[in-house]
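Here's the structure, in structure tokens; my notes come after.
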Amino acid sequence: LQKLVNETFQKLWFTPTPHHDKEAMTRKILNITDVVAACRDTGYDWFEQLLQNLLKSEEDASYKPVKKACTQLVDNLVEHILKYEESLSDSDNKGVNSGRLVACITTLFLFSKIRPQLMVKHAMTMQPYLTTKCSTQNDFMVICNVAKILELVVPLMEHPSETFLATIEEDLMKLIIKYGMTVVQHCVSCLGAVVNKVTQNYKFVWACFNRYYGALSKLKSQHQEDPNSTILTANKPALLRSLFTVGALCRHFDFDQEDFKGNSKVNIKDKVLELLMYFTKHSDEEVQTKAIIGLGFAFIQHPSLMFEQEVKTLYNSILSDKNCSVNLKIQVLKNLQTYLQEEDTRMQQADRDWKKVAKQEDLKEMGDISSGMSSSIMQLYLKQVLEAFFHTQSSVRHFALNVIALTLNQGLIHPVQCVPYLIAMGTDPEPSMRNKADQQLVEIDKKYAGFIHMKAVAGMKMSYQVQQAINTCPKDPVRGFRHDESSSALCSHLYSMIRGNRQHRRAFLISLLNLFDDTAKTEVNMLLYIADNLACFPYQTQEEPLFIMHHIDITLSVSGSNLLQSFKE
């Protein structure tokens, strides 16, 4: 399938167009940008994959049609953007064209992500878009995407002019001071690339950091003096912005370097930690959330802070406390997720850099310190993250599953401890979550045969707990099947993984039937749940249900007569 898709799109989009055929080029550009616009909500992984596959396939070839086509597309996209810009000033069809503009700029960002070199000559053209007046959602999209493009492209420019760089820095700073979270995040990230890799203009960033850090310190001392003072209520927006921005700056700049703080002996990261931690105990949930977001950012630059006792206590208590607000739980999980994604990107980059020099280097030199760090961090929080699967809110379960999937994909923990939880998540009402959990199980099963079978019964019991947590009306008992076209068992995927191996299958079925034994003392609602599953498992040969019936028969002949006797007496 992938091969077919690659070939089709290579013909449709990535074959060079003859120079004189302007019409075909315009058609192609409109096609691509329309598809990109349509995928706004589902993500662009497919486009990145496609570009990467096509460019990779011709790496060693002497004639590179895809590369040529990409250059053509990028150049023409930039021309189109300038055209839309002109037509936007004639305000009749503003809405249509601003949507087009966003789609074009997003497409350029996707090209920059895979081949930033293509955009180097257009960086000067993109920079003025940082000063777009922001009134609609589309304007913000333009600014964020332009910041993301410049972040990738500016470090690759040879001898960019001083004024160009200074203008970018100032534009970004204005945006950071003025706009909301998404813009601040992308702009700080872009500023990080420009300052750290190109201009080394540390004083500029240090001044900005001090401005927000100073504001936070002041607000902290005011709050300590009088938690109920009216000044704090009036300054709440400033407090929220400072918490977020200090965190975002700490994510991209290491302020403990001499370049920033000079020869001062103050430990900036500890100071920031102390400030942010102070506001996580605030009475206002919005302030707590922003402080936790800020912490999450700071931990990406300094993961070792996650070993601090107070951080462990904070994270674990938020995750395990039943009465804690959903927003805080989700934010902690998002922090862990972002940390793992960043680690993953870092590792892939290190891997690519390593491949370039692998010939001359010595393997012994490659101490893999960072994965050791993320592994220890995940061990600290693993249990609480897994327990978050038993939450009523699907968004909490969703982020918990993301964190676990990332952790497993990076091989940071031994998978056996996750198996029962993944089996339980495989019964989630939302298909996307079920599929993700099932996929993880299939991966584990490929690498470690027998793990799934070993934890199958524990997983079934756990899935009952998940269903109990999700159950909206506690009066009704939890049922073990789903009402779709046919009634399918909630744990049908688990059974289909085990049924291939006769020995495992029989052992699994017998352990489930043993739960019905009087001595097992299983509560009756759980027995109903298991009976539902047994009734609806996806059996494929007659031997499977006959085996169960045979064993039920034996159980009935023994305990059935006892039961009737007890009733008689």
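Computed from heavy atoms alone, side chains included, the values below leave out hydrogens, waters and symmetry copies. Predicted, not measured: the structure shown is a model, and the values here were computed from it.
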For Lys148, which residues count as a side chain to side chain contact (heavy atoms under 4.5 Å, CB included) partner, sequence neighbours excluded?
Phe109, Asn145, His186
If you look at every heavy atom in Val385 and Ala400, which pair is closest and at what distance?
O-CB, 3.7 Å
What are the two closest heavy atoms between Val153 and Ser112, and how far apart are they?
CG2-CB, 4.4 Å
Using 4.0 Å as the upper bound for N to carboxylate O, is an ion pair formed by Glu7 and Lys11?
no
Is the closest side-chain donor-acceptor distance between Gln127 and Thr167 under 3.5 Å?
no
Heavy-atom count around Gln257 CD within 6.0 Å, excluding the residue itself: above 12?
yes
Donor-acceptor pair between Asn335 and Gln331 side chains, under 3.5 angstrom:
yes
Please determine whether side chain to side chain contact (heavy atoms under 4.5 Å, CB included) holds for the pair Leu441 and Leu494, giving the CA-CA distance in whole Å, both sets of side-chain angles, and the decisive distance to 0.1 Å.
CA-CA 9 Å; Leu441 285 172; Leu494 170 66; 5.6 Å; no
Test side chain to side chain contact (heavy atoms under 4.5 Å, CB included) on Leu336 and Met306 and set out the steps.
CA-CA 10 Å; Leu336 291 169; Met306 282 195 258; 4.3 Å; yes
If you apply the rule side chain to side chain contact (heavy atoms under 4.5 Å, CB included), what do you find for Phe299 with Leu295, and how did you get there?
CA-CA 6 Å; Phe299 296 158; Leu295 282 172; 3.9 Å; yes
Among all residues two or more places apart in sequence or in another chain, which pass the side chain to side chain contact (heavy atoms under 4.5 Å, CB included) test with Glu162?
none
Side chains of Phe255 and Gln301, heavy atoms from C-beta outward: is any pair under 4.5 Å?
no
Atom pairs and distances, donor-acceptor, side-chain atoms in residues 31-50, under 3.5 Å, two or more places apart:
| unit_1 | atom_1 | unit_2 | atom_2 | d |
| --- | --- | --- | --- | --- |
| Thr33 | OG1 | Ile29 | O | 2.8 |
| Thr33 | OG1 | Leu30 | O | 3.2 |
| Asp34 | OD1 | Arg100 | NH1 | 2.8 |
| Asp34 | OD1 | Arg100 | NH2 | 3.4 |
| Thr42 | OG1 | Cys39 | O | 3.4 |
| Trp46 | NE1 | Gly43 | O | 3.2 |
| Glu48 | OE1 | Lys113 | NZ | 3.4 |
| Glu48 | OE2 | Lys113 | NZ | 3.1 |

Leu276 and Ala291 have their tightest heavy-atom pair at O-CB, 3.6 Å
What do the steps show when you test His391 against Val326 for side chain to side chain contact (heavy atoms under 4.5 Å, CB included), and what is the final call?
CA-CA 9 Å; His391 199 279; Val326 173; 3.8 Å; yes
Within a reach of under 6.0 Å around NZ of Lys67, are more than 12 heavy atoms found that belong to other residues, nucleotides or ligands?
no
Between Lys64 and Glu59 (side chain of the first, backbone of the second, donor and acceptor by atom type, cut-off under 3.5 Å), is there such a pair?
yes
For Met433 and Leu401, the nearest pair of non-hydrogen atoms, with its separation, is O-CD2, 3.5 Å
Ser135 and Asp139: side chain donor to acceptor below 3.5 Å:
yes
Taking Thr26 for its side chain and Lys22 for its backbone only, find out whether a donor-acceptor pair lies under 3.5 Å.
yes
Per ring pair (Phe, Tyr, Trp, His ring centres under 6.0 Å), Trp206 is matched among Phe204, Phe209, Tyr202 by Phe209
For residues 243-254, run the donor-acceptor check on the side chains, cut-off 3.5 Å, and write out each pair with its distance to 0.1 Å, sequence neighbours left out.
| unit_1 | atom_1 | unit_2 | atom_2 | d |
| --- | --- | --- | --- | --- |
| Thr245 | OG1 | Arg241 | O | 2.6 |
| Arg251 | NH2 | Glu342 | OE2 | 2.8 |
| Asp254 | OD1 | Asp256 | N | 3.1 |

Pair Arg397 + Asp428, salt bridge at N-O below 4.0 Å:
yes
Could you list all the salt bridge (Lys or Arg N to Asp or Glu O under 4.0 Å) pairs where at least one residue sits in residues 432-449, not counting sequence neighbours?
Glu443-Lys446
Listed by chain and number, what are the ring-ring contact (aromatic ring centres under 6.0 Å, His included) partners of Tyr381, not counting sequence neighbours?
Tyr315
Heavy-atom pair with the smallest gap, counting every atom of Cys104 and His80
SG-CB, 4.4 Å
If you look at every heavy atom in Pro160 and Val198, which pair is closest and at what distance?
CG-CG1, 4.3 Å
